[in-house]
Engineer: 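Before I ask anything, here is the structure I am working with.
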Amino acid sequence: MRTRPLKVALLGCGVVGSEVARIMTTHADDLTQRIGAPVELAGVAVRRPSKVREGIDPALITTDATALLKRGDIDIAIEVIGGIEPARTLITTAFEQGISVVSANKALLAQDGAALHAAAEAAGLDLYYEAAVAGAIPLVRPMRESLAGDKINRVMGIVNGTTNFILDKMDSTGAGYQEALDEATALGYAEADPTADVEGYDAAAKAAILAGIAFHTRVRLDDVSREGMTEVSAADFASAKRMGCTIKLLAILERAADGESVTARVHPAMIPLSHPLASVREAYNAVFVEAEAAGRLMFYGPGAGGAPTASAVLGDLVAVARNKLAEATGPGESAYTQLPVSPMGDVVTRYHISLDVADKPGVLAQVATTFAEHGVSIDTVRQQGKDGEASLVVVTHRAPDAALSGTVEALRRLDTVRGVASIMRVEGE
Ligand code: NDP
Ligand code: HSE
């Protein structure tokens with residue numbers, strides 16, 4: 001057992017960082033045994049130095065993260081600041097200083113993961129990021145390591161705790177969107193700017209990271225088709241209920257049948273109540289991974305929050321510290337396939353479309369013809385009349401997204417169609 005401690009710089013001490021510091025202190029003896037050397041919190045970089053931080057020696061606090069990394073005695077940096085800058089420059093500085101990095105920063109990894117991995121590899125250092133996807137759930141390492149001998153063809157799941165919390169509250173208690181978002185923010189689930197959660201950017205960043213790992217290719221944030229959940233209404237939940245479904249914000253990554261391309265998308269979707277994802281409540285996440293030999297695997301657990309996320313960060317800290325002592329590094333980026341990412345128009349799925357139409361003879365036939373003209377086959381139609389108008393709910397068979405978009409454009413042009421109330425994909429059947 002080495003007695004000289006490995007020194008850790010904690011960059012950021014907010015919801016996640018404060019829990020990392022707490023567990024490092026309270027579990028110090030166990031961490032020492034598991035690593036084979038003590039780990040010492042050697043400095044904590046923050047923005048507001050005067051803020052009271054329970055359990056943290058004020059002498060460790062600094063606002064100069066760069067100086068902390070450059071002072072010459074740091075072995076491992078934990079980046080839990082978030083966002084692109086200064087996180088990117090600090091991680092790069094860490095590598096220049098011979099410091100391995102643990103990060104929870106999915107936004108940065110989705111945008112600049114390739115360059116950061118290259119910098120880590122060039123310096124012979126580790127970049128670990130289990131906490132960046134799905135909070136406490138061990139997912140990155142199982143996909144990168146345990147499934148490294150298999151071929152992953154599909155990943156589908158709930159990867160954002162905040163939006164799952166909001167959708168769950170809207171569905172189960174009838175809570176309003178803003179009320180549920182405020183509660184998720186107070187519980188520490190939301191990003192510093194919750195737009196990242198509700199507009200799907202956070203889930204898209206996680207989708208990009210998972211797609212890269214699953215398909216051994218590079219998928220950037222911009223490659224992921226993204227729709228948020230701010231438009232999901234109580235009426236959508238009522239429609240979903242009538243179909244025996246609920247609504248979840250899903251990330252779906254697929255390898256094309258010919259293996260030559262992939263798709264990556266994030267959007268709200270109806271899923272049957274009998275599907276395991278339908279029972280994922282509050283800020284929990286769940287991810288299905290379908291691999292050729294392993295079959296279907298499901299990963300489930302808390303997807304956000306200080307302590308759950310700190311658990312994943314600490315797991316990475318132990319792994320990186322062990323590598324450091326062994327003078328080794330863990331697996332780096334594996335992006336040897338360079339598969340193109342196909343546009344959303346190529347995605348094939350089912351759709352639930354609510355239309356407001358005139359309630360008169362021939363309207364149903366006109367609508368059905370429009371679907372047929374675009375090659376979209378109808379599965380079920382439900383019509384409810386109300387004062388000369390009617391609400392028409394059409395559920396389609398599987399069709400390409402581009403064909404559905406063409407259908408909807410044509411429907412909007414019909415005089416008898418007063419409006420398209422909602423379009424939602426139906427998954428998990
Ligand atoms: P917070 O906003 O709670 O904490 C951010 C921390 O960074 C604060 O301590 C802040 O200082 C510090 N900080 C901000 N700017 C600077 C700067 N320029 N220099 C030094 N320190 C700075 O964020 P979270 O803890 O929620 O999230 C951190 C990271 O973890 C993000 O990447 C997030 O996406 C990720 N993550 C978060 C999860 C969650 O559930 N919250 C779950 C999974 C990942 P100060 O305290 O003085 O304001
Ligand atoms: N804001 C993120 C979420 C934090 O709600 O899932 C976890 O990555």
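Everything numeric here is computed off the predicted structure, so don't read it as measured data. Computation of the quantities below employed the complete heavy-atom set of this structure, encompassing side-chain atoms and omitting hydrogens, waters and symmetry-equivalent molecules. Atoms within each ligand, like the ligands themselves, are counted from 1 in listed order.
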Engineer: Have a look at T349 and tell me which of H267, E427, E254 forms a side chain to side chain donor-acceptor pair (under 3.5 Å) with it.
Structural biologist: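 Testing T349 for a side chain to side chain donor-acceptor pair (under 3.5 Å) against H267, E427, E254 leaves exactly one candidate, E427.
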Engineer: Taking atom types as modelled and ignoring hydrogens, do the side chains of S391 and D356 form a donor-acceptor contact shorter than 3.5 angstrom?
Structural biologist: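 Per modelled atom types, S391 and D356 side chains form no pair under 3.5 Å.
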Engineer: May I ask you to identify the nearest protein heavy atom to atom 28 (C) of ligand 1, giving residue, atom name and distance to one decimal place in Å?
Structural biologist: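 Among all protein heavy atoms, the one nearest atom 28 (C) of ligand 1 is V80 O, 3.3 Å.
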Engineer: So which heavy atom in the protein is nearest atom 31 (C) of ligand 1, and how far is it from that ligand atom?
Structural biologist: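 Looking at atom 31 (C) of ligand 1, the protein heavy atom closest to it is G82 CA, 3.5 Å.
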Engineer: Which of the numbered atoms in ligand 1 are under 4.0 angstrom from any heavy atom belonging to G305?
Structural biologist: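 Under 4.0 Å from G305, ligand 1 has these atoms: 39 (C), 40 (O).
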Engineer: Among protein heavy atoms, which lies nearest atom 43 (C) of ligand 1, and at what distance?
Structural biologist: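 Minimum-distance protein heavy atom for atom 43 (C) of ligand 1 reads T309 CG2, 3.3 Å.
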Engineer: Could you check atom 11 (O) of ligand 1 against the protein and tell me its nearest heavy-atom contact, residue, atom and distance included?
Structural biologist: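 Result for atom 11 (O) of ligand 1: R47 N, 3.2 Å.
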Engineer: May I ask you to identify the nearest protein heavy atom to atom 47 (O) of ligand 1, giving residue, atom name and distance to one decimal place in Å?
Structural biologist: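 Scanning the protein heavy atoms, the shortest distance from atom 47 (O) of ligand 1 goes to R48 N, 2.6 Å.
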Engineer: Is it the case that the side chains of S334 and H216 hold a donor-acceptor pair, with the cut-off being a distance below 3.5 Å and no angle test?
Structural biologist: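 A pair is found: one side chain offers a donor N or O, the other an acceptor, under 3.5 Å apart.
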Engineer: Side chains of D236 and S239 only: does a donor on one sit below 3.5 Å from an acceptor on the other?
Structural biologist: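 D236 vs S239: no donor-acceptor pair found between side chains.
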Engineer: Output the list of atoms in ligand 1 that are nearer than 4.0 Å to some heavy atom of A304, sorted by atom number.
Structural biologist: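 Once the distances to A304 are compared, the set is 40 (O).
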Engineer: For A21 versus I56, what's the shortest heavy-atom pair and its separation?
Structural biologist: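 For A21 and I56, the tightest heavy-atom pair comes out as CB-CD1, 3.8 Å.
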Engineer: Students should be able to answer this: which protein heavy-atom is nearest to atom 6 (O) of ligand 2, and at what distance?
Structural biologist: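 Among all protein heavy atoms, the one nearest atom 6 (O) of ligand 2 is G161 N, 2.7 Å.
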Engineer: Which atoms of ligand 1 are found less than 4.0 Å from any heavy atom of G14?
Structural biologist: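 Per the distance check, 3 (O), 4 (O), 6 (C), 8 (C), 9 (O), 25 (O).
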Engineer: Could you verify whether a donor N or O on one side chain and an acceptor N or O on the other, from T246 and D171, lie under 3.5 Å apart?
Structural biologist: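 Their side chains do contain a donor-acceptor pair, which is all the 3.5 Å distance test asks for.
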Engineer: Under 4.0 Å from a heavy atom of K206: which atoms of ligand 2 are those, numbered in the order shown and with their elements?
Structural biologist: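 So the atoms of ligand 2 that pass are 2 (C), 3 (C), 6 (O), 7 (C), 8 (O).
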Engineer: CG/L60 to CG/L10 distance, rounded to the nearest 0.5 angstrom?
Structural biologist: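 L60 atom CG to L10 atom CG measures 9.5 Å (nearest 0.5 Å).
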Engineer: Quick test: of every protein heavy atom, which one is nearest to atom 5 (O) of ligand 2, and how far off is it to 0.1 Å?
Structural biologist: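 Scanning the protein heavy atoms, the shortest distance from atom 5 (O) of ligand 2 goes to T162 OG1, 2.6 Å.
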Engineer: Scan the protein's non-hydrogen atoms and note whether one is under 4.0 Å from atom 41 (N) of ligand 1.
Structural biologist: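 Given the 4.0 Å cut-off, atom 41 (N) of ligand 1 counts as touching protein heavy atoms.
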Engineer: With heavy atoms under 4.0 Å as the rule, classify the contact between P86 and ligand 1 as side chain, backbone, both or neither.
Structural biologist: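 Only the side chain of P86 comes within reach of ligand 1.
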Engineer: For atom 45 (P) of ligand 1, is there a protein heavy atom at a distance under 4.0 Å?
Structural biologist: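 Within 4.0 Å of atom 45 (P) of ligand 1, protein heavy atoms are found.
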Engineer: Suppose I only count heavy atoms of E191 and a 4.0 Å limit; which atoms of ligand 2 are within that range?
Structural biologist: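 Those atoms are 1 (N), 2 (C), 4 (C).
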Engineer: Which ligand 1 atoms, with their elements, are less than 4.0 angstrom from a heavy-atom of A131?
Structural biologist: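 Selected atoms, number and element: 43 (C), 44 (C).
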Engineer: Just jot down the ligand 2 atoms closer than 4.0 angstrom to any heavy atom of D202, in number order.
Structural biologist: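 Within the 4.0 Å cut-off of D202, ligand 2 contributes 2 (C), 6 (O).
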Engineer: For atom 27 (O) of ligand 1, grab the closest protein heavy atom and report residue, atom and distance to one decimal in Å.
Structural biologist: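 Answer, as residue, atom name and distance: V16 CG2, 4.1 Å.
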Engineer: Does P276 offer a backbone N or O that forms a donor-acceptor pair with the side chain of S279 under 3.5 Å?
Structural biologist: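 Yes; judged by distance alone, with no hydrogens or angles, the pair exists.
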Engineer: In terms of side-chain heavy atoms, does D29 have a donor or acceptor partner in T32 at a distance below 3.5 Å?
Structural biologist: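 No, no side-chain donor-acceptor contact under 3.5 Å.
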Engineer: Any idea which heavy atoms bring M298 and A286 closest together, and the distance?
Structural biologist: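 Looks like CE-CB, 3.7 Å.
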Engineer: Residue-level breakdown please: for N160 versus ligand 2, do any non-hydrogen atoms fall below 4.0 Å on the side chain, on the backbone, on both, or on neither?
Structural biologist: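 Under 4.0 Å from ligand 2, N160 contributes backbone and side-chain atoms.
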Engineer: Tell me which protein heavy atom sits closest to atom 7 (C) of ligand 2, plus the residue, atom name and distance to 0.1 Å.
Structural biologist: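 Here the closest protein heavy atom is G303 O, 3.3 Å.
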Engineer: For atom 2 (O) of ligand 1, which protein heavy atom lies nearest, and how many Å away is it?
Structural biologist: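 Nearest protein contact, heavy atoms only, for atom 2 (O) of ligand 1 is A192 CB, 4.6 Å.
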Engineer: Within ligand 1, which atoms have a heavy atom of C13 less than 4.0 Å away?
Structural biologist: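 That gives atoms 6 (C), 8 (C), 9 (O) of ligand 1.
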Engineer: So is A190 polar-close to ligand 1, meaning N/O to N/O under 3.5 Å?
Structural biologist: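 The answer is no, given that A190 and ligand 1 share no N or O pair closer than 3.5 Å.
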Engineer: Would you indicate whether E85, at its atom CD, is surrounded by more than 12 heavy atoms from other residues, nucleotides or ligands within a distance under 6.0 Å?
Structural biologist: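 Atom CD in E85 is packed in, count exceeds 12.
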Engineer: Taking distance alone, with N or O pairs closer than 3.5 Å, would you say K106 contacts ligand 1?
Structural biologist: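 Indeed, backbone or side chain, K106 has an N or O that close.
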Engineer: For ligand 1, which atoms, with element, lie under 4.0 Å from some heavy atom of R53?
Structural biologist: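 Those atoms are 45 (P), 46 (O), 47 (O).
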Engineer: Would you please indicate if the ring centroids of Y129 and H117 are separated by under 6.0 Å?
Structural biologist: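 Distance test on ring centres: under 6.0 Å, yes.
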Engineer: Tell me whether T396 contacts the main-chain N or O of I378 through its side chain, where contact means a donor paired with an acceptor under 3.5 Å.
Structural biologist: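 The answer is no, because no donor-acceptor pair under 3.5 Å joins these two groups.
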Engineer: Any ion pair linking R22 and E54 (charged N to carboxylate O, less than 4.0 Å)?
Structural biologist: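 Looking at E54 and R22, the cut-off is not met.
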Engineer: Should you measure from each heavy atom of Y189, which atoms of ligand 2 turn up under 4.0 Å away?
Structural biologist: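 Counting atoms of ligand 2 from 1, those under 4.0 Å from Y189 are 1 (N), 2 (C), 3 (C), 4 (C), 5 (O).
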Engineer: Judging by distance only, is a nitrogen or oxygen of N285 under 3.5 angstrom from one on ligand 2?
Structural biologist: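 No, no N or O pair falls under 3.5 Å.
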Engineer: Using a 4.0 Å cut-off to any heavy atom of G188, which atoms of ligand 1 qualify?
Structural biologist: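 Going through ligand 1 atom by atom, the ones under 4.0 Å from G188 are 39 (C), 40 (O), 41 (N).
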Engineer: For the residue pair R144 and Y128, would you count it as a cation-pi contact if the rule is NZ or CZ under 6.0 angstrom from the ring centre and within 45 degrees of the ring axis?
Structural biologist: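 Judged by the rule, R144 and Y128 form a cation-pi pair.
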Engineer: By number and element, which atoms of ligand 2 are closer than 4.0 Å to a non-hydrogen atom of K106?
Structural biologist: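 The atoms of ligand 2 under 4.0 Å from a heavy atom of K106 are 2 (C), 4 (C), 7 (C), 8 (O).
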Engineer: Taking it one step at a time, do R265 and D401 satisfy salt bridge (Lys or Arg N to Asp or Glu O under 4.0 Å)?
Structural biologist: CA-CA 12 Å; R265 54 189 162 119; D401 208 82; over 6 Å; no
Engineer: Will you find, in the side chains of D193 and T195, an N or O donor that is under 3.5 Å from an N or O acceptor?
Structural biologist: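 Indeed, the side chains of D193 and T195 share at least one donor-acceptor pair under 3.5 Å.
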Engineer: Quick one: is the NZ or CZ of R154 closer than 6.0 Å to the six-membered ring centre of F288, and within 45° of its axis?
Structural biologist: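 Here R154 fails the 6.0 Å and 45° test against F288.
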Engineer: Please identify which atoms of ligand 2 are closer than 4.0 Å to at least one heavy atom of D197.
Structural biologist: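 Every atom of ligand 2 under 4.0 Å from some heavy atom of D197: 1 (N), 2 (C), 3 (C), 5 (O).
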Engineer: For atom 15 (N) of ligand 1, find the nearest protein heavy atom and state the residue, atom name and distance (0.1 Å precision).
Structural biologist: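 It is I81 CG2, 3.7 Å.
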Engineer: Is there a heavy atom of A45 sitting under 4.0 angstrom from any atom of ligand 1?
Structural biologist: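 It does; at least one heavy atom falls under 4.0 Å.
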